[in-house]
*Asks:* 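Supplied in structure tokens, the structure appears directly below.
One-based numbering along the sequence shown. FYI, side chains are in, hydrogens and waters are out, and symmetry mates aren't considered; it's all heavy atoms of this structure.
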Amino acid sequence: MRGTRWLLCAALACAAPAQALGPADADVLYLPTPPAVVEAMLDLAGLRPDDLLVDLGAGDGRIPIAAARRGARAIGVELDARKVAEAKRNVEAAGVSARVEIRQGDARHADLGGTTVVTLFLLPELNRALRPKLQGLAPGTRIVSHRFGIGDWAPDRKVNAHGHPLFLWVVPARRAGGG
């Protein structure tokens, strides 16, 4: 599986500038989402000022910053300490510190309590690993993924934004009887 992941990362690296992370993050490749695609992701999510957005794999913080500029609160979760420091600097420079928090951590263990919008630009394997956690969010929570789906969970909507596929899921209401 590791070879497949690296082949996929190599293919993606041809599509956008990338920064490989340190040895501790050997299976992670940072590919920034273009600003126009960030805006399209927030549009697809129907982001509102009363939303709490959590960006899993926040990189340099561009999605949480854009969400805050639209009036929402945002949390960025990023594994790499260097990217966390960069994201915090970017949040400060953008003047949105009151609305954005950047946390260092693994997306698989992120606290999503109270979240109304989740954004992702993660490899398919990690998206699949996150599926149970995402499906367990409150009904109506919107999830937007850049480029990759979430296993065989069919999106509610798929769009193309500036040549980039975006996927939207809305967490369904739980059925009566716990099933």
*Asks:* Does Arg73, at its CZ atom, have more than 12 non-hydrogen atoms belonging to other residues, nucleotides or ligands within less than 6.0 Å?
*Replies:* no
*Asks:* Decide, yes or no, whether a salt bridge links Asp55 with Arg103 under the criterion of side-chain N to carboxylate O below 4.0 Å.
*Replies:*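 Looking at Asp55 and Arg103, the cut-off is not met.
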*Asks:* Quick one: does Leu168's side chain get under 4.5 Å of Arg142's, heavy atoms only?
*Replies:* yes
*Asks:* Would you say the side chain of Lys133 lies within less than 4.5 Å of the side chain of Arg108, judging by non-hydrogen atoms?
*Replies:*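 Arg108 vs Lys133: side chains apart.
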*Asks:* Are the side chains of Leu53 and Thr119 in touch, meaning some heavy atoms are under 4.5 Å apart?
*Replies:* yes
*Asks:* Any idea which heavy atoms bring Val144 and Ala45 closest together, and the distance?
*Replies:*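 Distance-wise, the nearest heavy atoms are CG2-CB, 3.7 Å.
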*Asks:* Shortest non-hydrogen contact from Glu92 to Ser97?
*Replies:* OE1-OG, 3.0 Å
*Asks:* Same hydrophobic cluster for Val84 and Val96, using side-chain heavy-atom links shorter than 4.5 Å among ILVMFWY?
*Replies:* yes
*Asks:* Look at the side chain of Asn127 and the backbone N and O of Gly149, then say whether any donor-acceptor pair between them is shorter than 3.5 Å.
*Replies:*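 Looks like yes, one N/O pair under 3.5 Å.
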*Asks:* Atom CG of Leu120 and atom CH2 of Trp169: how far apart are they, to the nearest 0.5 Å?
*Replies:*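 Rounded to the nearest 0.5 Å, the CG-CH2 separation comes out at 7.0 Å.
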*Asks:* If the condition is side chain to side chain donor-acceptor pair (under 3.5 Å), which residues does Thr115 pass it with, not counting sequence neighbours?
*Replies:* none
*Asks:* Are any non-hydrogen side-chain atoms of Pro34 and Val37 less than 4.5 angstrom apart?
*Replies:*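 Yes; the side chains approach each other to less than 4.5 Å.
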*Asks:* Can you measure from CG (Asn160) to NZ (Lys158) and round to the nearest 0.5 angstrom?
*Replies:*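 Those atoms lie 8.0 Å apart.
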*Asks:* Going from CG on Leu79 to OH on Tyr30, what distance comes out if it is rounded to the nearest 0.5 angstrom?
*Replies:*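 The OH atom of Tyr30 is 14.0 Å from CG of Leu79, to the nearest 0.5 Å.
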*Asks:* Hey, quick one: are Phe148 and Leu126 part of the same hydrophobic cluster, counting side-chain heavy atoms closer than 4.5 Å, chains of contacts allowed?
*Replies:*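 No, no single cluster joins them.
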*Asks:* Could you report the tightest heavy-atom contact between Gly59 and Glu78, atom names first, then the distance?
*Replies:*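 Gly59 and Glu78 have their closest heavy atoms at N-OE1, 2.7 Å.
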*Asks:* With the side chain counted from C-beta on, respond yes when Leu56 and Leu112 share a heavy-atom pair under 4.5 Å apart, and no when they do not.
*Replies:*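 Sidechains of Leu112 and Leu56: in contact.
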*Asks:* Can Arg131 and Asp152 be said to form a side-chain contact (heavy atoms from CB on, under 4.5 Å), step by step?
*Replies:* CA-CA 10 Å; Arg131 179 179 172 171; Asp152 62 357; 2.3 Å; yes
*Asks:* Quick check: do Val171 and Leu134 have side-chain heavy atoms less than 4.5 Å from each other?
*Replies:* no
*Asks:* As an exercise, state the distance from CG of Asp51 to OG1 of Thr141, rounded to the nearest 0.5 Å.
*Replies:*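 Reported to 0.5 Å precision, the distance equals 9.5 Å.
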*Asks:* For the NZ atom of Lys83 and the CD atom of Gln104, what is their distance to the nearest 0.5 Å?
*Replies:* 13.0 Å
*Asks:* For residues 64-72, dump all side-chain donor-acceptor pairs below 3.5 Å to protein atoms at least two apart in sequence or in another chain.
*Replies:*
from	atom 1	to	atom 2	distance (Å)
Arg70	NE	Glu39	OE1	3.2
Arg70	NH1	Asp43	OD1	2.9
Arg70	NH2	Glu39	O	3.3
Arg70	NH2	Glu39	OE1	2.7
Arg70	NH2	Asp43	OD1	2.8

*Asks:* Are Val54 and Leu130 connected into the same hydrophobic cluster when the rule is that any two of I, L, V, M, F, W, Y join if their side-chain heavy atoms are below 4.5 Å apart?
*Replies:* yes
*Asks:* Between CD1 of Ile102 and NZ of Lys88, what distance do you get to the nearest 0.5 Å?
*Replies:* 8.0 Å
*Asks:* Should Ile63 and Met41 count as side-chain neighbours, where that means a heavy-atom distance under 4.5 Å?
*Replies:* yes
*Asks:* Given the rule that I, L, V, M, F, W and Y join up when any side-chain heavy atoms are under 4.5 Å apart, are Leu166 and Phe121 in one cluster?
*Replies:*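 No, separate clusters.
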*Asks:* Taking the side chain from Arg147 and the backbone from His164, do they hold a donor-acceptor pair closer than 3.5 Å?
*Replies:*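 No; zero donor-acceptor contacts below 3.5 Å.
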*Asks:* Applying a strict under-4.5 Å side-chain criterion to I, L, V, M, F, W and Y, I'd like to know whether Val159 and Leu42 cluster together.
*Replies:* yes
*Asks:* Ion pair present between Glu86 and Arg89, side-chain N to carboxylate O less than 4.0 angstrom?
*Replies:*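 No.
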*Asks:* Could you check whether any side-chain heavy atom of Gln135 comes within less than 4.5 Å of a side-chain heavy atom of Trp153, counting everything from C-beta outward?
*Replies:*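 They are in side-chain contact.
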